[in-house]
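See structure below.
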2 protein chains.
Amino acid sequence: MWHGAASDCGLLEKAELFRGVPSGALAEIQASSFRRHLCADEALVRQGDPAETLHIVLSGRLRVTQTTPEGHQIIIRYLGPEETVGCTTLSGGAYYPGTVTAVDDGKLLGWNATAIRQVMVTYPQVAMNAVAILGTRYVEMQTRLRERATQNVERRIAHTVLRLTRQAGRRTTRGIEIAFPLSRQDLAEMAGTTLHTVSRTLSGWESRGIVDSGRRLVVVCKPDILSSIANTPS
Amino acid sequence: MWHGAASDCGLLEKAELFRGVPSGALAEIQASSFRRHLCADEALVRQGDPAETLHIVLSGRLRVTQTTPEGHQIIIRYLGPEETVGCTTLSGGAYYPGTVTAVDDGKLLGWNATAIRQVMVTYPQVAMNAVAILGTRYVEMQTRLRERATQNVERRIAHTVLRLTRQAGRRTTRGIEIAFPLSRQDLAEMAGTTLHTVSRTLSGWESRGIVDSGRRLVVVCKPDILSSIANTPS
DNA sequence: CGGCTACTTGACCAGATTCAACTCTTGTGG
DNA sequence: CCACAAGAGTTGAATCTGGTCAAGTAGCCG
């Protein structure tokens, strides 16, 4: 669907950062960009490095993580095609707050900090889009923080899985499948729990026929029941 | 210090949203604004209402909260002078994700959605500032989420208190005092715990001479020891 | 003084983490 | 092609942090 669909012109027009920008401008913007290929498990930016580039995803999927000094890791989010990587560069932060790693092989388009900031000043629509992107992510984080503070593990895992189906769900005969490799550990780092608890919870759901999961795979068979779990007060 | 210092001209020049904007532009921007007074405990915007206005704080302090359908509340942040209220309006969200209430009496300047979006398009610096503000808050939320996921209660409370001293700390003879009324419940809603646990924790610190707290009051006597608590792996 | 709100503290309990042992997949190299 | 190592997942048992319940004290305002 996404893969290979991007011809050489029109790479930018669908990107969330460049929506609504006139195509003449897009050509000029693209002229200042560079291409980047990324293999699975390769890091694009590292936590703590100076924030010097911004990328948009053309194909593939990336994972954004943060690691504490003690070595605990959490997953901030996954990014797919059309999305923006390295927002810190947009907002003028000095260092990347997290690490971005490829989950699949993928292609990206990149700009350095000064180039993209110049683009924002020249084309206000890009700046407006940037505001919208960051605003959305900010609210998303608020929601997750609230979930973490007020819900028990099962509900949080349910929410996490549902969010992922919305973001990267693929219809199959068995149900909605999360379209990239996702381990118990990954889910745990998103929901703020341990892989053991995730495993137990998925096992429970599996015995009730709500999900069908395997090695690095989750398929939601009964999304409605999962939503009701996600929304039932503990 | 802040109170009353703002004369009629130059209200905007210090606001985080309008930094670096030429003063001619500021006058024009201010012309499209309206004033608003707010009494303690009065709500400025309500969670779920259409996002129609943006404000900046001239004086006083505000609290941003989110409430779940079940009635659990969390505190997203406190806002003081120069800060921006209702960022959702900037980023084009349809509804306010949280409720903003006055902690003290205060004065604000407001714009409606179309006016402020027009300002951003006309003066790219404002849009750039908006990107910076949202970027900072986004990273802040990431940090809190990570804390919530990886640290025990005591560390989280310590971090919360330290953040508040940085944001609204006032030097006194006893130590650094948080300069607005702050109950155990408030701290609990920020650190993601219960007022009981906050109370117990503060009692413990008090007996060690680290803090000195009373009814809706927290004074940090030994900030260095508190930092070490905040940064010691559990 | 009485009523209200904020705060404190003890006892108990439970959800979730930790520890530990084991199984199932998958991929690799002899 | 099979063996085996490494990675991923499962599950039971013990433990414990922090929440819940309950009862009481202290400060504030009309």
Side-chain angles (χ1 to χ4, degrees), chain A residues 40-41 63 68 70-75 101 103 147-161 178 180-208 211-219 229 232-234, chain B residues 40-41 63 68 70-75 101 103 147-161 178 180-208 211-219 229 232-234:
Chain A
D41 291 320
R63 176 178 35 219
T68 65
E70 296 105 62
H72 283 115
Q73 192 174 82
I74 67 160
I75 296 181
T101 328
V103 178
E147 282 176 9
R148 189 91 208 347
T150 63
Q151 300 176 355
N152 65 11
V153 226
E154 189 181 22
R155 285 185 71 181
R156 267 154 37 211
I157 299 175
H159 270 119
T160 307
V161 170
I178 293 173
F180 58 89
L182 178 77
S183 70
R184 303 291 180 267
Q185 177 73 37
D186 293 333
L187 266 175
E189 286 175 13
M190 268 187 287
T193 177
T194 61
L195 76 162
H196 307 281
T197 302
V198 171
S199 180
R200 276 183 248 273
T201 306
L202 287 185
S203 297
W205 290 348
E206 194 137 14
S207 70
R208 293 166 61 191
V211 301
D212 190 355
S213 71
R215 194 187 171 83
R216 308 234 261 161
L217 174 79
V218 179
V219 183
I229 290 173
T232 304
S234 26
Chain B
D41 291 321
R63 177 182 30 223
T68 64
E70 296 105 61
H72 283 114
Q73 191 175 82
I74 66 160
I75 296 181
T101 327
V103 179
E147 282 176 8
R148 188 92 208 347
T150 63
Q151 299 176 358
N152 65 11
V153 227
E154 188 180 22
R155 287 186 69 180
R156 265 152 40 209
I157 299 174
H159 269 119
T160 306
V161 170
I178 293 171
F180 58 89
L182 179 78
S183 70
R184 305 290 181 266
Q185 177 73 37
D186 293 333
L187 267 175
E189 286 175 13
M190 267 187 288
T193 176
T194 61
L195 78 162
H196 307 279
T197 303
V198 170
S199 180
R200 278 183 247 272
T201 307
L202 286 186
S203 297
W205 291 348
E206 194 137 15
S207 69
R208 294 166 61 190
V211 301
D212 190 356
S213 71
R215 195 187 169 85
R216 309 234 260 162
L217 175 79
V218 179
V219 183
I229 290 173
T232 304
S234 28

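The chains referred to below are lettered A, B, ... by the order of the sequence lines, with proteins before strands, and numbering in each begins at 1. Quick note: numbers below take in every heavy atom, side chains included, and nothing from hydrogens, waters or symmetry partners.
Note that CD1 of Ile157(A) and CE of Met190(A) are 10.5 Å apart. Values are rounded to the nearest 0.5 Å. Note that OG1 of Thr201(B) is 10.5 Å distant from CZ of Arg184(B), once rounded to the nearest 0.5 Å.
With sequence neighbours left out, Thr101(B) forms a side-chain hydrogen bond (donor to acceptor under 3.5 Å, both in side chains) with no residue at all. Listed by chain and number, the residues in a side-chain hydrogen bond (donor to acceptor under 3.5 Å, both in side chains) with Thr194(A) are Thr197(A) (sequence neighbours excluded). For Glu154(A), there are no salt bridge (charged side-chain N to carboxylate O under 4.0 Å, His left out) partners, not counting sequence neighbours. Every residue was checked against the salt bridge (charged side-chain N to carboxylate O under 4.0 Å, His left out) condition with Arg200(B), not counting sequence neighbours, and none meets it. The salt bridge (charged side-chain N to carboxylate O under 4.0 Å, His left out) test applied to Arg155(A) returns Glu70(B), not counting sequence neighbours. Judged as a side-chain hydrogen bond (donor to acceptor under 3.5 Å, both in side chains), and not counting sequence neighbours, Arg148(A) has no contacts. Shown here are the side-chain hydrogen bond (donor to acceptor under 3.5 Å, both in side chains) partners of Ser183(A), two or more places apart in sequence or in another chain: Asp186(A). Arg215(B) pairs by the side-chain contact (heavy atoms from CB on, under 4.5 Å) definition with nothing, not counting sequence neighbours.
The closest donor-acceptor contact from the side chain of Gln73(A) to the backbone of Glu189(A) lies at 3.5 Å or more, if one exists at all.
Note that the first and last nucleotides of DNA chain C, 5' to 3', having any atom under 4.0 angstrom from a heavy atom of chain B are dT5(C) to dA11(C). Heavy-atom contacts of chain A under 4.0 Å fall on DNA chain D between two terminal nucleotides, which in 5' to 3' order are dG7(D) to dA13(D).
Smallest separation of non-hydrogen atoms from Gly192(A) and Ala149(B): CA-CB, 4.4 Å.
Looking at residues 192-208 of chain A, you'll see His196(A), Ser199(A), Arg200(A), Ser203(A) sit with a heavy atom under 4.0 Å from some atom of DNA chain D. Using a 4.0 Å cutoff on non-hydrogen atoms, the parts of residues 180-189 of chain B near DNA chain C are Ser183(B), Arg184(B), ordered by number.
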